[in-house]
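Have a look at the structure below, then the notes.
The basis for the numbers below is simple: all heavy atoms, side chains too, and nothing from hydrogens, waters or symmetry mates. Order of the sequence lines fixes the chain letters, A, B, ..., with proteins taken first and strands second; residue numbering starts at 1 for each chain.
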Number of protein chains: 4
Amino acid sequence: MATRVPSEHGSVRKAPRQLRSRATVDTIVEAAARVLARRGWAHFTTNETASAAGVSVGSIYQYFPNKLALAEEIRKRHLDAVLAAISGSDERDAVITVEQRAAKLVDGVVAAHSVDQELHRVLLDEVPLAARSTQDQFEAEYLRRYQAVIASAPGKPDPKRDDIAGRVLSGAVEGVVHAAARHGELQSPELRAELIELVCAYLRSRCTG
Amino acid sequence: MATRVPSEHGSVRKAPRQLRSRATVDTIVEAAARVLARRGWAHFTTNETASAAGVSVGSIYQYFPNKLALAEEIRKRHLDAVLAAISGSDERDAVITVEQRAAKLVDGVVAAHSVDQELHRVLLDEVPLAARSTQDQFEAEYLRRYQAVIASAPGKPDPKRDDIAGRVLSGAVEGVVHAAARHGELQSPELRAELIELVCAYLRSRCTG
Amino acid sequence: MATRVPSEHGSVRKAPRQLRSRATVDTIVEAAARVLARRGWAHFTTNETASAAGVSVGSIYQYFPNKLALAEEIRKRHLDAVLAAISGSDERDAVITVEQRAAKLVDGVVAAHSVDQELHRVLLDEVPLAARSTQDQFEAEYLRRYQAVIASAPGKPDPKRDDIAGRVLSGAVEGVVHAAARHGELQSPELRAELIELVCAYLRSRCTG
Amino acid sequence: MATRVPSEHGSVRKAPRQLRSRATVDTIVEAAARVLARRGWAHFTTNETASAAGVSVGSIYQYFPNKLALAEEIRKRHLDAVLAAISGSDERDAVITVEQRAAKLVDGVVAAHSVDQELHRVLLDEVPLAARSTQDQFEAEYLRRYQAVIASAPGKPDPKRDDIAGRVLSGAVEGVVHAAARHGELQSPELRAELIELVCAYLRSRCTG
DNA sequence: CATGAATGAGCGTTCATTCAT
DNA sequence: GATGAATGAACGCTCATTCAT
């Protein structure tokens with residue numbers, strides 16, 4: 001695989017102003033996501049993407065300076081979808097018990113991992129990070145959901161400790177769901193129950209301890 | 001046209017007989033591990049490995065049928081080291097409280113992730129699995145440590161539920177440590193304390209609940 | 001590990017759409033034929049072919065999935081030329097005597113072997129057959145010429161025996177011409193006379209015997 | 001495949017004087033012939049030959065300056081065997097009729113092609129000729145058999161014409177048998193009959209014409 | 001003499017990227 | 001703008017041959 005120095009380093013070569021361009025970009029990104037999910041990063045090629053999108057390679061380079069930038073755009077869109085999936089189970093209804101909160105959280109994360117499992121895995125495990133920014137932004141937003149759960153649990157707040165607790169909770173839930181996804185057990189109700197139990201136990205212990 | 005008999009390809013091409021060979025194999029694997037950790041799977045090349053090891057490409061193929069088999073050997077050696085690191089905090093001394101057990105477990109996993117962090121990440125996230133066997137064996141052994149902790153906690157055993165609990169615990173601890181490693185906070189004592197708390201809370205809740 | 005979908009490989013990678021491509025394909029095939037004839041299959045390399053054609057290796061793989069497919073195309077074109085050469089001495093004029101028929105046949109085969117002797121030898125003797133189809137089609141067409149001669153000879157037809165006779169005649173003429181070509185005596189009139197004599201004798205004996 | 005300049009150009013590096021050497025050489029050549037027949041020239045490697053012979057590569061280079069010289073020795077031995085097979089049906093018994101002579105000849109050639117068909121084919125079709133000498137010597141000897149048949153046929157001798165006739169006869173019989181071998185019909189009695197007929201017809205026509 | 005570990009030029013093939021049309 | 005033919009550096013891998021032991 002030849003690694004060429006790309007001629008520009010901006011993430012997007014040209015902001016698509018016109019409707020037609022926007023549509024083309026969408027077509028490209030969607031096709032690229034399909035190809036990426038199907039073949040994996042190692043076999044993700046611009047030529048196949050182009051023909052899957054029904055455009056020429058040249059058109060890809062009209063909008064993206066290089067392959068990585070295209071992948072970056074796929075990641076961006078996917079993370080948005082993931083965030084939307086988490087938020088879907090986040091409506092501001094009368095949630096009261098810690099159990100209910102924990103259940104909402106777990107269901108949200110599971111839903112997020114179900115958006116496009118293979119693409120998710122490839123993006124997380126295979127595609128190299130061009131720039132931290134997108135990922136960081138996402139992680140911050142993601143962590144905020146966890147912090148909200150922490151904050152809503154009884155007990156007096158302690159910013160420093162709560163921050164760490166959020167990261168612990170995030171890592172734990174994420175880790176369990178990730179492992180479950182790898183083994184195709186994302187929908188197991190027993191696992192869901194245990195995971196909720198884990199979250200509850202932690203939250204409870206934090207308020208009593 | 002006559003049908004040709006292809007030559008078979010085992011996982012190891014030739015068992016090194018002489019002392020010189022054994023040393024060469026070690027040199028190759030060690031150099032390969034360095035290159036793999038530094039460049040990642042996508043840029044892990046046999047030629048760079050060869051020159052990093054101070055041998056010719058041919059020597060790599062004397063002992064490994066292909067690049068993947070070389071990576072497989074790196075994985076094998078690394079997982080052994082990881083297992084050794086976990087076991088290091090596993091001596092059969094008089095551990096009594098759940099807290100002490102949890103602390104041992106967490107310390108072991110952290111130690112395991114400290115062996116060679118970047119190599120660990122690349123092996124887990126990027127290198128494709130040629131055969132499940134090595135990985136499966138490792139995972140089984142790995143899970144066993146968690147099951148042992150579960151089993152040692154008070155409360156009456158329930159094989160099915162305990163199995164799931166083991167996977168939840170494993171996923172959670174692994175997830176937290178993994179995230180911490182990514183952010184360079186593997187040695188943070190606060191994080192350690194919270195993680196131990198998570199494990200304890202879960203174990204306690206399982207025996208009372 | 002996810003199972004990857006491999007990309008398929010047809011015999012021709014892409015049908016050349018533009019005029020430029022068609023010209024490139026011709027250039028490549030012609031250069032390849034020259035290289036193949038000059039170096040033999042064992043030393044027939046894509047890189048030399050590319051530079052002999054004045055294109056880059058990539059261009060070869062734009063149109064041919066691999067080296068063998070390129071050789072297959074050379075064979076196809078050559079066999080067409082050979083068939084054309086044989087047919088050249090096949091016009092439907094008033095041929096009456098067996099001698100005249102035999103002479104036409106022999107002259108055709110000699111002409112066929114004169115098309116590009118070295119290429120002919122390499123294609124027949126060295127290049128492995130990827131698919132039987134091209135070769136089989138050619139052989140069938142080739143045999144048909146011999147069968148026609150057999151059929152036109154006096155004597156009552158016997159399908160089974162005539163079939164074998166066709167193969168005997170084909171093998172014999174082919175063998176003599178082949179050997180002559182190897183010794184550079186393809187144009188010898190004495191040899192031509194003897195070969196015609198051989199064919200006539202056989203045909204005569206079949207009708208009387 | 002790296003092409004190195006061999007350090008010597010003699011066909012055999014060292015004439016094996018001692019019994020042990022002679023045995024080693026035999027072992028090597030026999031193993032090499034098996035490997036060559038099984039894999040074909042393109043996949044015929046010195047390393048596989050060495051391990052098939054139960055010796056080290058170095059030992060091969062003790063007796064043969066390079067791979068081609070080894071193949072040359074295989075050819076030499078095989079052609080001897082072929083000649084022996086032809087001669088086997090050549091005893092000086094009371095052969096009188098032309099038919100009987102022709103039958104003997106055909107049977108001899110068929111027997112020769114049956115010695116080791118795959119090796120025969122590979123040697124003829126794939127292995128390049130290092131030096132003409134071995135092949136030429138064989139061909140001369142081979143032609144002599146045909147000349148003998150020609151000479152023994154009635155009719156007054158004509159050295160020049162008889163020479164050409166020998167080559168025609170040789171090419172024809174060889175060609176038919178070769179084609180038959182390719183189609184696995186070496187043992188067909190119908191084909192044998194037709195071929196004998198061809199030879200007889202030619203011989204007869206030469207004495208009457 | 002025999003061994004077999006080591007060499008490295010050279011092969012077939014891929015694919016991100018460019019640019020004439 | 002869009003196209004897609006063309007590029008060529010770089011990869012994984014092979015195997016004839018050498019030479020220290």
*asked:* Using a heavy-atom cut-off of 4.0 Å across all strands, would you classify A:Ser59 as base, sugar-phosphate, or nothing?
replied: base
*In whole angstrom, what separates C:Arg22's CZ from F:dG4's P?*
14 Å
*Just how far, in rounded Å, is C1' of F:dC15 from NE2 of C:His43?*
14 Å
*Taking the side chain as every heavy atom from C-beta outward, state whether C:Phe44 and C:Leu70 have any atom pair closer than 4.5 Å.*
yes
*asked:* Heavy-atom nearest nucleotide on DNA chain E for C:Val57 versus B:Ile60: which residue maps closer to 5'?
replied: B:Ile60
*Return the value, rounded to whole Å, for the distance between atom CG of C:Asn47 and atom P of E:dA9.*
16 Å
*Rounding to a whole Å, what distance do you find between C:Phe44:CZ and E:dT13:P?*
10 Å
_Protein-nucleotide distance (D:Tyr63, atom OH; F:dT17, atom C1'), rounded to Å_ = 18 Å
*Using Watson-Crick and G-U wobble pairs with both distances under 3.5 Å, what is the 5'-to-3' dot-bracket string of DNA chain F, with [ ] for crossing pairs and | for pairs outside the strand?*
.||||||||||||||||||||
Could you pull out all donor-acceptor pairs under 3.5 Å where a side-chain atom in residues 34-42 of chain C meets a protein atom, sequence neighbours excluded?
from	atom 1	to	atom 2	distance (Å)
C:Arg39	NE	C:Glu48	OE1	3.0
C:Arg39	NE	C:Glu48	OE2	2.9
C:Arg39	NH2	C:Glu48	OE2	3.0

*Round to a whole Å and report the spacing from CG of C:Asp26 to P of F:dA5.*
15 Å
*Using a cut-off of 4.0 Å on non-hydrogen atoms, how would the nucleic acid contact of A:Thr46 be classed: base, sugar-phosphate, or nothing?*
base
*C:Ser56 vs D:Thr45, nearer the 5' end of DNA chain F by closest nucleotide*: C:Ser56
_Whole-Å gap separating P (F:dA5) and OH (C:Tyr61)_ = 18 Å
*Once you round it to whole Å, what is the distance between P of F:dG4 and CD of A:Gln62?*
14 Å
_Test of understanding: with salt bridge (Lys or Arg N to Asp or Glu O under 4.0 Å), list the residues that count as partners of C:Asp26, not counting sequence neighbours._
C:Arg77
_Selection from E:dG12, E:dT7, F:dT17 that lies nearest to any side-chain heavy atom of D:Lys67_ = F:dT17
